[in-house]
> 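My questions all concern the structure below.
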Number of protein chains: 2
Amino acid sequence: MMLVVSYDVNTTDAAGEKRLRKVAKLCEAYGCRVQNSVFEVLVDPAQLVTLKAGLSEVIDKEKDSVRFYRLGSNWRPRIETLGKELTYEQDGVIMF
Amino acid sequence: MMLVVSYDVNTTDAAGEKRLRKVAKLCEAYGCRVQNSVFEVLVDPAQLVTLKAGLSEVIDKEKDSVRFYRLGSNWRPRIETLGKELTYEQDGVIMF
């Protein structure tokens, strides 16, 4: 299934910068960065559990937030873009 | 229907800062900011056309990007959060 993962990590200190890098790295393992703090990830239910557990361990729950939006399997018609676009196929490579 | 609107606006110059404010203001008219550059908006088809037209006019299509994710009408089960959460009812007011 396709999920949108968006996050706000408080980077007012070095620890926050470190958390931000870790969050991005975790998301990169499952999908593509489409905007600064937005990833589109293709996962099965087990991978989703693993991704959530990893993110839950990394973030500071008082300062940071992660939102998951489930688009399901028929996700292509649910996504539209305006302006600068990544030209990539979600299950392919990012082509700039 | 519920839509997630996420955007990346290039703010390397004053014009970009202005576009960023305008983009946020347009989205605020239809919904709630849930993260730095992520809004959840409740719109009917006509409002969606108006919102898209407004955003399309404001952004620099070479530098900025806006992504729309349609969650449909049964959107609540499609949204999950980790960490810091806005406590609000989408059709209510934001309670911090």
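Letters go in sequence order (proteins before strands), and every chain restarts at 1. As a basis for the values below, the full set of heavy atoms in this structure was taken, side chains included, without hydrogen atoms, waters or symmetry mates.
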> Is I59(A) in contact with chain B via its backbone, its side chain, both, or neither, using a 4.5 Å heavy-atom distance?
side chain
> Has the side chain of Q47(A) got a donor or acceptor atom that lies under 3.5 Å from a matching backbone atom of Y30(A)?
no
> Identify which part of E62(A) has an atom lying under 4.5 Å from any heavy atom of chain B, answering side chain, backbone, both or neither.
backbone
> Quick check on the interface: out of K61(B), K63(B), R78(B), who has the most heavy-atom pairs with chain A under 4.5 Å?
R78(B)
> Can you name the residues of residues 18-25 of chain B that have some heavy atom under 4.5 Å away from a heavy atom in chain A?
none
> Checking side-chain contact (heavy atoms from CB on, under 4.5 Å) between M1(A) and each of V41(A), D44(A), L48(A), which is the one that passes?
L48(A)
> Give the member of D8(A), L3(A), V5(A) that has the highest number of heavy-atom pairs under 4.5 Å with chain B.
D8(A)
> Below 4.5 Å from any heavy atom of chain B, which atoms of D64(A) appear? Answer side chain, backbone, both or neither.
backbone
> How far does CH2 of W75(B) sit from OH of Y69(A), to the nearest 0.5 angstrom?
10.0 Å
> Side chain to side chain contact (heavy atoms under 4.5 Å, CB included) for D60(B) and N10(B)? Distances and angles first, verdict last.
CA-CA 9 Å; D60(B) 178 327; N10(B) 183 310; over 6 Å; no
> Is there a donor-acceptor pair under 3.5 Å between the side chain of Q35(B) and the backbone N or O of S65(A)?
yes
> Rounded to the nearest 0.5 Å, how far does CD1 of I79(B) lie from CZ of F68(A)?
13.0 Å
> CG/L55(A) to SG/C27(A) distance, rounded to the nearest 0.5 angstrom?
5.0 Å
> Roughly how far, to the nearest 0.5 Å, is the CZ atom of R76(B) from the CE atom of M2(B)?
7.5 Å
